[in-house]
Amino acid sequence: MFKKVEPTMNFVPIEEKVLDFWKKERIFEKTLENRKDAPHYVFYEGPPTANGKPHAGHVLTRVIKDLIPRYKTMLGYRVERKGGWDTHGLPVELEVEKQLGISGKPQIEEYGVEEFIKKCKESVFTYEQEWKRMTERVGFWIDMENPYVTYHNTYIESVWWALKKIWEKGLLYKGHKVVPYCPRCGTSLSSHEVAQGYEEVEDPSVFVKFPLEGEDSTYFLVWTTTPWTLPSNVALAVKEDATYVKIEQNGERLILAEERLGVVEGEYEVLEKFPGDKLAGLKYKPVFPFFEEYKDKAFYVVTGDFVTMDEGTGIVHMAPAFGEDDYRMGQKYGLPILQPVDTQGRFTEKVAPWAGMFVKDADKDIIKNLKQRGLLYKSERYLHTYPFCWRCDTPLLYYARSSWFIKTTAVKERLLELNQKIGWHPEHIRDGRFGNFLENVIDWCFSRERYWGTPLNIWVCEECGKEHAVGSIEEMKAMSKLPIGDIELHKPYVDEVILRCPDCGGDMKRVPEVIDCWFDSGSMPFAQFHYPFENEEVFRERFPADFISEAIDQTRGWFYSLFVISTLLFDTSPYKNVLVMGHVLDQYGQKMSKHKGNVLDPWEVLNEQGADAMRWYLYVASPPWMPSRFYKEAVSEAQRRFLGTLWNIYSFFTLYASIDNFDPRKYSLDPKERSEMDRWLLSRINSTNKKVRESLDHFDITTAARALEQLVDDMSNWYVRRCRERFWKSEMDNDKIAAYLTLYEALVTFIKMAAPFVPFITEELYQNLVRVPYPDAPESVHLCDYPEVQQELIDEKLEHKMEMARKIVELGRAARNKAKIKNRQPLSKMMVQLRNPRDEELLKDLTDIIKEELNIKEIEYIHMAEQYFTYMLKPRFDLLGPKYGKLMPAIAREISKANAAELIREAREKGEVVLNVEGQEVRLTQEELDIRAQDKEGFCTEGEGGYYVVLDTTITRELMLEGIARELTSKIQNMRKEAGFEVEDKIYVYYTGDSVIDEALNVHGEEIKGDTLAISIEKAAPPEGSFAREWDINGHRAILGVKKMGGE
RNA sequence: GGGCUUAUAGCUCAGAUGGUGAGAGCACACGCCUGAUAAGCGUGAGGUCGGUGGUUCGAGUCCACCUAAGCCCA
């Protein structure tokens, strides 16, 4: 019947075989066909960028993403999983620049935009194969044959449609944003790029005096490290709630923050103290005269919470064109944006003295000029980190560029509202990281002055300035001045399309920008289906998603872009549940990075330990949102503990099932007819199933995995170990049938429960355990339904009492250990004290198990056995605390003073005891007393948690002989194995030994024969050809020999 | 600088709603067991529950502040 399985574990070849099977039999496809008419459970794949190699972190996201859809499929849903690739964006361009050996926009233009974007397109799939290989190997079932690709025309067209919708709502506008900008490359940099280019440099640090208007020789003392921004100054900012002072020094008065007085050199006198808001609105004279025309609108003091007291003077100079805070304050106060710097970082004619000079180079001259005019308080050098262009090492300028924005602030309230309904896992993301981000939402600056991206679909009329958003290829063709054939929706092709202005008939040209690729990926719910141009129904059925899952860094990335776009277009959240994952770290909790050289190639683990092991570790080690440490040893441990144990059970089962040629179809036995152990296992299986389902339904993967792990352990180290003998015995009676059926049913149910977690090993077991006897069963475990919870098989009482029994056994073993009496030596009696009489009643049915497990003839239940224990009393704080509150310490004192035994007796007899505590009557029931026993010297006792055992260590001659017999059995069994006999081989046994051995064999010989499959036990020197050994049998020397029947 | 998260044994992690000797697995030491056997079981050692203060009859658990780490942002 069943294929016999080697106990040695070698999972990798098995997994490879299973992969072949899945592929050949199209199992993934069948899981969908199987649920063709079932309700959808919608999953969205967050598209990976295919221009980098996948690492261990990507494995985590993939195996988590895989689990839930597999589970939901087995529950009866149809879970389509369309793959996707994120293909646009600056990283791709950078990769190509590197590859071509060019750098920066001017060189790209020179190389040719058309050729350049062709290269980008090619580059995107450099690692596609690598990703596919990893995805397949870890068992992530996703359709990678028909993925959505963000650079495809159909995808871009859907994005255009979305942008036009937003445009029509009036939520798309052109504005300014201060961005880190490289004047040499002529481009702004992404935050990621900026982060790469910080260097420690010395910059000027100047303290400038801004003359207060209407008060002679009085100045605001202002600090800056960018003197070149001073000509563009429009305001000064102070901190509202900080204390400022006016001081007198050398006949001048200076205003600065009290906390920053340390910057003042020499003697001074404090004249006045006042809070920052007193300064608000005060006018001052600009230190340079280039923009005097703005004197009505600018040059006064404002307040801002970004002003810090860590450095400078507590008064910050504001140049809205050159700083983020500055720009924001400028917007808030309606200050002018002065930008006398061109795109190459040189002063314009507006700043006549330094026109044409690179601004950073002008710093020296500016300082000199201020000094000459007596406006410089002091000048120093200042060491700090400053961003440089990582390509050309030019210092970056923070520079206001015109950009396109989506007015997300317009839907802020709706975003907050919809967010409340999302099932975030973990929950704190909702009101924490994500919620906070939404609270502070700013308009989305989504244009990029780059090449490889979805072109921004706005055309502007050169005549009348009319702007028009194009929403489809059709529309573009209709408005085009010249006929357009097939056109790729990328630069430079779309740039060449000239539209006729609907207002004036003039030429309309497309704006040069492309869009943020986050807008691309955030559009995937509809763009993956080319909605609304086709697949209307398909989209409707698959929106919103029931489940998505990505790493925490996507909070402001994909989670946000998806959410905003759906809110703008459909006024609903695009996903119902999000499982947020933490990052995968190395063994020491450090982020894996190439730089540190601590990146673990997932293939190392996949090739050695296999995908199931890796998956299991990632599920069970810690909740997915916690950063998880990843290293081989950890995976090995998880593998041993779970897969190894499961494999052991499986090989045990198949070993005996094939010996007995057990056929599950031939038998059926109502669980009620089976033993307690059997019913216990069936109960454990079902209560665990319940727990696993509940946990997975709440996306709590770790709890589910841990429950499964506990179950495997219970199955192995209790059920199988306890029931081994039932499988050994020769006749196939009801008891043996019950054992086989129970273990069989348990295994089959278990592998279905575990299938979404460890899809490979469960498939392997399924093929043997189910498909062999039942060829009509579903072809794959993954085509099965998730097992139903058989509520009628759950017996909580039974589980509870089994737990007690195991506890008692554990204590018994500890007691034997203490007494130094090995388990094989039978003992006559053990006394057991339980927590309460109810438990005793329960435990009675399991007494046999305890006796057997501990090799003890009799269990006696005792209560208040003062000969063995001294008793201690404590109040049950949890019960009495709420009743008596402050009186508790006094009650505890009173109880400890009383005679424990008497008190307990009284409580038992009368139902309660009455104590007088500080004049108050306190009634205590037996329940409310916490009785603890402490063992007395001289007895072999053990106790824990209210359970106690006392071992009777007397070994009578009878027991001694039995011990010897057990010992002989064990040795013979050992030798059988050592001699290499098969489990079912019959043998002859020979022995020599003293009279005690003789006697033991006399009394127990038949039993030994039965256990060891011996035909005879003969007192004789082992003959030629037998396997012999000399042994010390509990102090008696003996020579034993075994010989296989028919082996002569 | 701000937000979020985390901090329990050498390591990995459990410890609803506060209830009074703080748990598991791994690793270590010792022992047991031996037809599931490159497994299994027991015992032992190992913890000021990151720190300080507070609320409470009672705090690993609640509150405040601080420290460290991670992530995101500035």
Side-chain angles (χ1 to χ4, degrees), chain A residues 7-9 191 305-310 324-325 426 428-429 431-437 439-440 551-557 580 582-583 585 587 589-591 617 620-623 625-629 631 633-634 636-638 640-641 644-645 647-656 702-703 706 709-710 713 716-717 720-721 724-725 727-728 809-818 820-824 853 872 874-882 884-892 930 932 942 944-945 970-978 981-985 1011-1013:
Chain A
T8 45
M9 294 164 274
S191 58
D305 52 12
F306 59 90
V307 178
T308 73
M309 293 296 151
D310 298 335
E324 180 88 54
D325 289 328
H428 62 74
I429 302 283
D431 293 315
R433 198 175 276 230
F434 198 68
N436 284 336
F437 184 50
E439 288 281 355
N440 299 312
I552 179 98
D553 55 352
Q554 296 299 329
T555 312
R556 288 159 189 238
V580 183
H583 287 124
L585 309 173
Q587 184 164 12
Q590 300 274 311
K591 194 176 170 169
Y617 170 71
V620 86
S622 57
W625 46 83
M626 301 273 275
S628 34
R629 299 184 181 199
Y631 49 100
E633 293 73 20
S636 293
E637 191 196 321
R640 246 199 338 269
R641 205 159 60 201
T645 310
W647 193 259
N648 254 318
I649 302 169
Y650 172 58
S651 76
F652 174 88
F653 175 81
T654 54
L655 174 68
Y656 288 98
T702 309
T703 301
R706 286 174 181 166
E709 197 165 84
Q710 183 59 52
D713 189 65
S716 173
N717 290 324
V720 171
R721 195 166 56 75
R724 268 181 301 189
E725 289 172 39
F727 294 90
W728 298 342
V809 168
E810 198 175 291
L811 291 172
R813 274 200 282 254
R816 269 187 176 274
N817 216 306
K818 210 194 247 178
K820 292 197 168 36
I821 299 171
K822 54 171 83 172
N823 209 38
R824 259 200 308 269
E853 191 69 16
M872 249 177 54
K874 281 188 141 191
R876 281 279 300 273
F877 284 87
D878 54 336
L879 299 177
L880 296 170
Y884 294 104
K886 290 194 187 196
L887 211 55
M888 285 311 292
I891 296 175
D930 183 2
R932 291 178 181 181
E942 279 293 331
E944 199 193 313
S970 150
K971 299 309 179 213
I972 294 167
Q973 296 286 41
N974 249 340
M975 289 169 67
R976 284 183 59 111
K977 200 176 158 206
E978 226 177 311
F981 299 165
E982 290 302 314
V983 176
E984 61 270 36
D985 287 341
D1011 287 345
T1012 60
L1013 299 185

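Everything numeric in this text was worked out from a predicted model, so none of it was measured. Each chain gets a letter, A, B and so on, in the order the sequences are listed, and its residues count up from 1. Reckoned from all heavy atoms, side chains included, excluding hydrogens, waters and symmetry mates.
- Along RNA chain B, the nucleotide nearest A:P623 and the nucleotide nearest A:R556 are compared for position; the residue whose nucleotide lies closer to the 5' end is A:P623.
- Put simply, the side chain of A:S716 and the base of B:A36 share a donor and an acceptor less than 3.5 Å apart.
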*When you look at A:D713 and A:Q710, which way does the side-chain contact (heavy atoms from CB on, under 4.5 Å) test go after all the steps?*
CA-CA 5 Å; A:D713 189 65; A:Q710 183 59 52; 4.1 Å; yes
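- Across B:G54 and B:G21, the matching P atoms stand 23 Å from one another, rounded to whole Å.
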_Walk along nucleotides 54-60 of chain B from 5' to 3' and tag each nucleotide B, S or - by protein heavy-atom contact under 4.0 Å, base first, then sugar-phosphate._
---B---
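- The pairing partner recorded for B:G19 is B:C57, the criterion being a Watson-Crick or G-U wobble arrangement whose two distances lie under 3.5 angstrom.
- When rounded to the nearest whole Å, the span between CD of A:E709 and C1' of B:C13 equals 11 Å.
- Between A:I891 and A:Y884, the closest side-chain pair of non-hydrogen atoms falls below 4.5 Å.
- Using a 4.0 Å heavy-atom criterion, one finds that A:Q554 contacts no nucleic acid atom at all.
- Annotation: the span from A:R706 atom CZ to A:E709 atom CD amounts to 8.5 Å, rounded to 0.5 Å.
- The distance between atom CD of A:E853 and atom C1' of B:G40, rounded to the nearest whole Å, is 11 Å.
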*Before giving the answer on side-chain contact (heavy atoms from CB on, under 4.5 Å), spell out for A:T702 and A:M626 the whole-Å C-alpha distance, their side-chain angles and the decisive distance to 0.1 Å.*
CA-CA 11 Å; A:T702 309; A:M626 301 273 275; over 6 Å; no
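- Protein atom CD of A:E978 is 11 Å distant from nucleotide atom P of B:G35, rounded to whole Å.
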*Go through A:R433 and A:V580 one step at a time and tell me if the side-chain contact (heavy atoms from CB on, under 4.5 Å) criterion holds.*
CA-CA 11 Å; A:R433 198 175 276 230; A:V580 183; over 6 Å; no
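- Atom C1' of B:U43 sits at a distance of 14 Å from the matching atom of B:C33, rounded to the whole Å.
- Applying the Watson-Crick and G-U wobble criteria (two distances, each under 3.5 Å), B:A36 pairs with nothing in any strand.
- Within a 6.0 Å sphere centred on CD of A:E725, heavy atoms belonging to other residues, nucleotides or ligands number 12 at most.
- Taking atom P on both nucleotides, B:C30 is separated from B:C49 by 31 Å, rounded to a whole Å.
- As judged by a 4.0 angstrom heavy-atom cut-off over every strand, A:N974 is placed among residues touching the sugar-phosphate backbone only.
- Counting any heavy atom pair closer than 4.0 Å across all strands shown, A:S970 reaches sugar-phosphate atoms only and no base atom.
- Listed pair A:S622 / B:C13 meets the phosphate criterion, a side-chain N or O lying under 4.0 Å from OP1 or OP2.
- For B:C71, the paired base is B:G3 (Watson-Crick or G-U wobble, both distances below 3.5 Å).
- Only the P atoms considered, B:U5 is 11 Å distant from B:C63, to the nearest whole Å.
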_Derivation and outcome, side-chain contact (heavy atoms from CB on, under 4.5 Å), residues A:I429 and A:I552_ = CA-CA 9 Å; A:I429 302 283; A:I552 179 98; 3.7 Å; yes
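- In this structure, the CE atom of A:M626 is 15 Å from the P atom of B:G70, given to the nearest Å.
- Spacing between B:C66 and B:G60 at atom P, rounded to whole Å, works out to 23 Å.
- In this structure, the side chains of A:I972 and A:D1011 stay at 4.5 Å or more apart for every pair of heavy atoms.
- At the heavy-atom level, A:K874 lies under 4.0 Å from the strands shown only through sugar-phosphate atoms.
- For the C1' atoms, the distance linking B:G2 with B:U12 amounts to 32 Å, nearest Å.
- The separation between A:F727 atom CZ and B:A36 atom P is 11 Å, rounded to whole Å.
- B:C71 sits 27 Å from B:C62 when the C1' atoms are compared, rounded to a whole Å.
- The nucleotide B:A64 finds its pairing partner in B:U52, both defining distances of the Watson-Crick or G-U wobble pair being shorter than 3.5 Å.
- Under the Watson-Crick or G-U wobble criterion, with both distances below 3.5 Å, B:G47 has no partner in any strand shown.
- No contact: A:R816 has no heavy atom under 4.0 Å from any strand.
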What protein N or O atoms touch nucleotides 41-44 of chain B N or O atoms at under 3.5 angstrom, if any, and at what distances?
unit_1	atom_1	unit_2	atom_2	d
B:C41	OP1	A:N717	ND2	3.2
B:C41	O2'	A:R813	NE	2.9
B:G42	O2'	A:N817	ND2	3.1

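- Among the heavy atoms of the strands lying under 4.0 Å from A:K822 are primed sugar atoms or P, OP1, OP2 only; no base atom is included.
- The shortest side-chain heavy-atom distance between A:L1013 and A:R976 falls under the 4.5 Å cut-off.
- When both pairing distances are held under 3.5 Å, B:C30 makes a Watson-Crick or G-U pair with B:G42.
- Look at the C1' atom in both B:G46 and B:G58: the space between them is 28 Å, to the nearest Å.
- Using the six-membered ring where Trp is involved, A:Y656 and A:F727 have ring planes that are tilted, between 30° and 60° apart.
- When both pairing distances are held under 3.5 Å, B:A24 makes a Watson-Crick or G-U pair with B:U12.
- Among the protein residues, A:F653 comes within range of no part of the nucleic acid, since none of its heavy atoms lies under 4.0 Å from any strand.
- Residues satisfying the salt bridge (Lys or Arg N to Asp or Glu O under 4.0 Å) test with A:D930, not counting sequence neighbours, are A:R932.
- The nearest heavy atom of RNA chain B to A:R641 and to A:D325 marks one nucleotide each, and the one closer to the 5' end goes with A:R641.
- Nucleic acid contact for A:Y650: none, since no nucleic acid atom lies under 4.0 Å from a heavy atom of the residue.
- Between the C1' atom of B:A74 and the CG atom of A:N436 lies a distance of 14 Å, rounded to the nearest Å.
- No engagement by A:R876 is indicated, since no non-hydrogen atom pair under 4.0 Å with the nucleic acid exists.
- The interatomic distance linking A:Q710 (CD) with B:A14 (P) rounds to 15 Å, in whole Å.
- Rounding to whole angstrom units, CG of residue A:L879 and P of B:U17 are separated by 18 Å.
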